[in-house]
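Each remark here refers to the structure printed beneath this line.
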Amino acid sequence: MQTPTDTPVLNLAAELRLPTNALDYTILAIYFVVVLGIGFAARRSVKTSLDFFLSGRSLPAWITGLAFISANLAATEILGMAANSAQYGAYTVHWYWIGAIPAMVFLGLVMMPFYYGSKVRSVPEMLLLRFDKWAHLLSSALFAFAAILIAGVNLYALAIVVEALLGWPQWVAIVVAGAFVLGYITLGGLSSAIYNEVLQFFVILAALIPLVVLGLKKVGGWGGLTDKLTATHGENFTTAWGGTGIGSDNPLGANWLTIVLGLGFVLSFGYWTTNFAEVQRALSAKNLSAAQRTPLIAAFPKIFIVFLVMIPGLTAAALIPGFGTADSGYQYNDAIPYLMEQLLPNGVLGIAVTGLLAAFMAGMAANVSSFNTVFTNDIWARYVVRGREDGYYVRFGRLITVIGVAASVGTAFLASSFSNIMSYLQTLFSFFNVPMFVVFIVGMFWKRASVKSGFWGLLAGTVAAMVNYFWIYKQGIVDIPSDQGANFVSAIVGFVAGAVVMVVVSLFTAPKPAAELQGLVYGTRSPGMQEPPAAGDDAWYRRPALLGWGAIVLAAACYIPFSF
């Protein structure tokens with residue numbers, strides 16, 4: 001197998017310029033008009049801060065479910081997972097079937113009753129109720145910082161892709177996309193973001209499905225694709241578990257234990273259960289049943305979306321010898337743009353470009369809308385300017401949205417040191433989401449976890465994950481074959497360090513009084529967790545447990561053809 005390119009900058013190949021025409025730009029212009037139209041329409045419903053930050057908790061489950069998956073299906077996900085597939089092969093399925101579905105089901109069945117029943121406005125606010133203001137303030141600051149970094153990744157990737165594909169200067173792409181996201185969020189708040197995310201979900205599908213169909217046709221179908229890749233990359237490249245025995249060599253540089261624990265448990269549960277950019281969509285649902293069903297409805301398309309991002313990456317690897325290496329002239333991130341340039345006619349090309357821009361904007365909007373909520377409610381209103389009238393916080397939320405978009409532009413180029421942008425995102429998740437998850441999980445299932453343990457566990461987990469990545473891995477103290485493998489290990493280290501510190505601190509400090517743990521620890525219930533089902537919510541297809549176990553079984557069944 002050839003050695004991957006060491007080029008650190010996320011540049012797409014110069015020859016990927018797309019032959020767009022007036023029809024393609026007309027489709028793009030129509031999309032932008034619709035996006036702003038949704039923002040203006042949603043503005044009429046914004047009367048209170050709850051309307052602006054959580055859509056008044058009034059949205060149906062199918063809307064929040066599609067928004068939940070669309071917020072995750074950003075262009076960094078599309079380009080990054082296609083790059084993963086070109087680099088690592090069919091191992092990409094792990095990020096979906098073991099690295100997403102179980103955690104999404106856990107969020108819906110176990111954690112959403114605590115989030116929604118306690119009436120919190122954000123994930124960090126839950127730590128304020130369970131622990132103290134120091135855990136709350138630290139988690140709020142870490143999340144706000146991470147949200148801006150991830151929004152910056154979307155902007156940077158968008159600028160590079162649009163420059164390569166359409167010839168727009170980077171600053172034009174950044175300003176145009178940032179302005180539209182800023183426009184519809186400041187106008188209609190979360191409702192505008194969510195309804196646009198529903199639209200973006202279907203636009204993204206319309207962009208990816210032609211790439212998959214035409215790509216498979218070009219390589220001779222699935223059989224032709226696997227034959228070509230087996231011949232050039234080895235048998236393990238098209239299997240999920242081949243070569244993952246402990247001590248075995250495989251493209252991913254990880255074994256089954258680090259995949260199951262690092263990705264399937266720590267990184268996955270850390271992202272899906274505590275990342276407010278996702279949880280915020282469920283908190284905007286109209287009742288507890290709808291909030292629980294939000295991630296469960298999203299789980300079903302998530303199971304199959306892997307094929308839409310994996311097959312283009314595999315196709316690019318099959319069509320170009322040594323794709324992703326210095327000799328090929330392409331980086332792994334070029335997989336989707338390469339197929340767009342090679343396979344799509346005008347009109348369809350316009351839909352694909354629109355879908356790519358929609359994905360960038362969905363990812364950025366999800367992080368900006370969650371950032372403005374956390375910064376306004378958890379930092380500004382809680383510790384800086386308290387007790388003002390409700391309208392003040394709506395105005396401040398709009399102002400901080402402007403600041404958040406501007407800050408995203410400033411952080412965009414931090415992504416330039418990673419040739420695989422998915423590696424960059426997974427690194428951020430191991431630093432910020434995993435330590436928050438360990439604090440949540442210990443606090444939720446252990447009544448003895450003390451008030452002080454939340455802050456110290458969160459701090460220890462974050463520091464330990466960073467030390468493992470920047471010192472132990474980057475300095476070569478321990479040999480880990482790939483960035484992704486290092487991210488799995490960093491996640492495990494951060495989780496263990498946070499849990500150990502929480503236990504030790506709890507043994508030497510006082511626990512929270514039992515009366516104050518009602519609805520905050522598993523086995524206890526708050527009044528909001530006991531609300532009766534809404535009319536019509538008792539139908540079989542609306543039962544959270546049935547939806548959750550159905551998603552688990554379906555994801556497990558999908559592994560069967562990739563296991564041999």
Side-chain angles (χ1 to χ4, degrees), residues 1-13 16 75-97 99 153 157 160-161 211-212 215 219 225-226 228-244 248-255 258-259 262-263 267 305-339 415-427 429-430 473 480-489 562:
M1 188 182 299
Q2 292 175 291
T3 304
T5 177
D6 292 326
T7 305
V9 180
L10 177 59
N11 288 320
L12 298 184
L16 291 179
T76 46
E77 169 92 359
I78 295 171
L79 293 179
M81 283 304 176
N84 256 14
S85 303
Q87 185 172 1
Y88 303 126
Y91 294 112
T92 300
V93 299
H94 295 309
W95 272 265
Y96 291 77
W97 300 337
V153 177
I160 296 299
V161 170
L211 281 182
V212 171
V219 295
L225 177 63
T226 55
K228 285 182 172 66
L229 292 174
T230 299
T232 57
H233 293 73
E235 293 183 355
N236 291 337
F237 201 76
T238 55
T239 68
W241 296 105
T244 61
S248 300
D249 185 32
N250 63 69
L252 188 58
N255 57 54
T258 55
I259 291 172
L263 174 63
L267 270 174
I305 283 170
V306 63
F307 296 111
L308 300 184
V309 295
M310 179 178 72
I311 291 175
L314 297 177
T315 303
L319 292 175
I320 300 293
F323 190 86
T325 66
D327 293 339
S328 72
Y330 294 97
Q331 290 193 65
Y332 296 115
N333 291 306
D334 293 334
I336 293 282
Y338 167 75
L339 294 182
S416 64
S417 61
F418 288 77
S419 63
N420 182 331
I421 52 181
M422 207 60 205
S423 294
Y424 175 72
L425 288 175
Q426 295 291 324
T427 301
F429 296 152
S430 69
Y473 167 58
I480 304 176
S482 68
D483 274 349
Q484 291 289 19
N487 290 332
F488 297 166
V489 175
F562 288 92

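We use all heavy atoms of the structure for the numbers below, so side chains are in, but hydrogens, waters and symmetry mates are not.
- To the nearest 0.5 angstrom, Trp97 atom CH2 is 10.5 Å from Thr92 atom OG1.
- Between Trp95 and Val306 there is no side-chain heavy-atom pair separated by less than 4.5 Å.
- Atom CG of Leu319 and atom NZ of Lys228 lie 7.5 Å apart (nearest 0.5 Å).
- The shortest non-hydrogen separation linking Ala86 to Ala317 is O-CB, 4.1 Å.
- Residues Ile336 and Pro312 share a closest heavy-atom pair of CD1-CB, 3.6 Å.
- The distance from atom OH of Tyr88 to atom CG of Asn236, rounded to the nearest 0.5 Å, is 15.5 Å.
- Here the shortest heavy-atom pairing between Ala335 and Gly313 reads CB-CA, 4.0 Å.
- Looking only at distances, no side-chain donor or acceptor of His94 sits under 3.5 Å from a matching main-chain atom of Gly99.
- Thr226 OG1 to Phe562 CZ: the interatomic distance, rounded to the nearest 0.5 Å, is 9.5 Å.
- When all heavy atoms of Ala240 and Val93 are compared, the pair lying nearest together is CB-CG2, 3.8 Å.
- Here OG1 of Thr238 is found 8.5 Å from CG of Leu225. Values are rounded to the nearest 0.5 Å.
- Tyr96 places none of its side-chain heavy atoms less than 4.5 Å from the side chain of Met310.
- Taking all atoms of both residues into account, the shortest heavy-atom contact from Phe323 to Tyr332 is O-CE2, 3.4 Å.
- The shortest distance between side-chain heavy atoms of Thr232 and Phe237 does not fall below 4.5 Å.
- Considering CG of Asp334 and CG of Leu339, their distance stands at 10.5 Å, rounded to 0.5 Å.
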